[in-house]
Protein chains: 2
Amino acid sequence: MTESEFELIATYFTERKFKRGDYVVRQGIKVDHTFFVVEGMMKLIFDDESGKEHILSFAMENWWETDYLAFHKRTQATMSLKCLEDTTVICLSFEDYHNLCAAVSKMEHFFLNKATSGHLASQQRILSLLASTAQERYFKLIHNYPSLTKRVSKSQLASYLGLSRETLSRLYKGK
Amino acid sequence: MTESEFELIATYFTERKFKRGDYVVRQGIKVDHTFFVVEGMMKLIFDDESGKEHILSFAMENWWETDYLAFHKRTQATMSLKCLEDTTVICLSFEDYHNLCAAVSKMEHFFLNKATSGHLASQQRILSLLASTAQERYFKLIHNYPSLTKRVSKSQLASYLGLSRETLSRLYKGK
DNA sequence: TTTTACCTGTGACCCATATCACATTTTTCA
DNA sequence: TGAAAAATGTGATATGGGTCACAGGTAAAA
């Protein structure tokens, strides 16, 4: 990517800073942007009717995240994006996302790669939900993302894995 | 899309026909192609150590499917793609996939859309595995894909939903 | 530094779903 | 068309993981 391409691309972006606990996207509110994490960490969550929170993903440095369904369908969020740490993001609006793809085919290629690997990762997660026990899923997670387990609480991990914090706590007796 | 674009694109594709029960991709064998379903139906499955089959997706007409992880990483399949009906597919090799994207930016755009919607669908499925009961998942499925439930057996649906066929059978007493 | 909120572990008990076993019906294809 | 294979329903029983409850620990914020 050349200097001039980089400068062009930079004009599409806006930087914003959030505090731990802040919502970047909130359930019920229209989603106009997708966000790139420069520094910090967020979680993409769904709060169900019973008040339970489910974690769809953790977004760390260099990840793009938003409520993609709402972003692409131009609707209200059904999920929220909440900061687990003070976080700096770069914002890209829906319009600019498409303008950028049209203007710079390298960016379209880049987003294709992102979408593909996102799809792959989700598929692997579905597989582990279908085929693995709670224990296997937990050990696979700490094996594949050791840094994650150092940055988030056990309760958060439990919610990501789809189990109760009590059950997670019982999985590593003496481990 | 113009006539000449269409003709160019067509040169990248090869048609193949398979019988019900045939494997299009087989666990352990290198994956060189992605497949577009012209007619028929396939399932993407993972067979675990205990011999249990898990269904990752059903590929019906107009869907692209393969073991994407193996396809993109240029490795052996960890999943299989098996025909549920006699099926006609169009094959696109890894090389041609990239050549085509580079040659025809509309195709790259098209694949970006596919990957994005694939990612969205997977995310919704993860959410339903995390947040919904077996019953809710089953009723959501027949609501969202009524045609699917008419083409595949209950055991296959159970496997897709991540539950035993016995449990599925007990979910619709009087329904 | 103190207060307050959040996080973690653990026991007791419960329930949704799995497993096993068997009978019956439906579909496939030779 | 007839035999073999696959799909389905249903009872009995087992179990992984959830829920509730409480206590002690750790971190954040005023």
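The basis for the numbers below is simple: all heavy atoms, side chains too, and nothing from hydrogens, waters or symmetry mates. In what follows, every chain begins at residue 1, and chains take the letters A, B, ... in the order their sequences are listed. No experiment lies behind these values; they were computed from the predicted model shown.
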Lys/Arg-Asp/Glu bridge criterion (N-O < 4.0 Å) met for B/E53, B/R165
no

Take the protein atom CG of B/L84 and the nucleotide atom C1' of C/dT28, then report the distance between them rounded to whole Å.
15 Å

Does a side-chain N or O of B/S153 approach OP1 or OP2 of D/dA6 to a distance below 4.0 Å, or not?
no

Should we say atom CZ of A/R16 is surrounded by more than 12 heavy atoms from elsewhere, each under 6.0 Å from it?
no

Would you call B/R20 and B/D22 a salt bridge, using N to O less than 4.0 angstrom?
no

How close or far is atom P of C/dT8 from atom CD of A/Q156, stated in whole angstroms?
9 Å

I need the OH-C1' distance between B/Y138 and C/dA16, as an integer number of Å.
18 Å

Using whole Å, what does the distance between atom C1' of nucleotide C/dC7 and atom CD of A/E53 come to?
14 Å

Distance, rounded to the nearest Å, where A/K82 contributes NZ and C/dC6 contributes P
9 Å

Expressed in angstrom and rounded to an integer, what is the separation of A/L161 atom CG from D/dG17 atom C1'?
13 Å

Whole-Å distance separating the NZ atom of B/K154 from the P atom of C/dT24:
20 Å

Mind jotting down which residue pairs meet the side-chain hydrogen bond (donor to acceptor under 3.5 Å, both in side chains) criterion with at least one end in residues 123-132 of chain A? Sequence neighbours excluded, please.
A/S132-A/K140

Side-chain contact check for A/S169: nearest option of C/dT28, C/dT10, D/dG9 is C/dT10

Distances for protein N or O near nucleotides 17-22 of chain C N or O, under 3.5 Å:
unit_1 : atom_1 : unit_2 : atom_2 : d
C/dT17 : OP1    : B/A134 : N      : 3.0
C/dA18 : OP1    : B/S164 : N      : 3.3
C/dA18 : OP2    : B/S164 : N      : 3.1
C/dA18 : OP2    : B/S164 : OG     : 3.1
C/dA18 : OP2    : B/T167 : OG1    : 2.6
C/dT19 : O4     : B/R170 : NH1    : 3.4
C/dC20 : N4     : B/E166 : OE2    : 3.2

Just how far, in rounded Å, is P of C/dC6 from CG of A/L157?
18 Å

Is the distance from the ring center of A/Y138 to that of A/Y172 below 6.0 Å?
yes

Pair B/E61 + B/R151, salt bridge at N-O below 4.0 Å:
yes

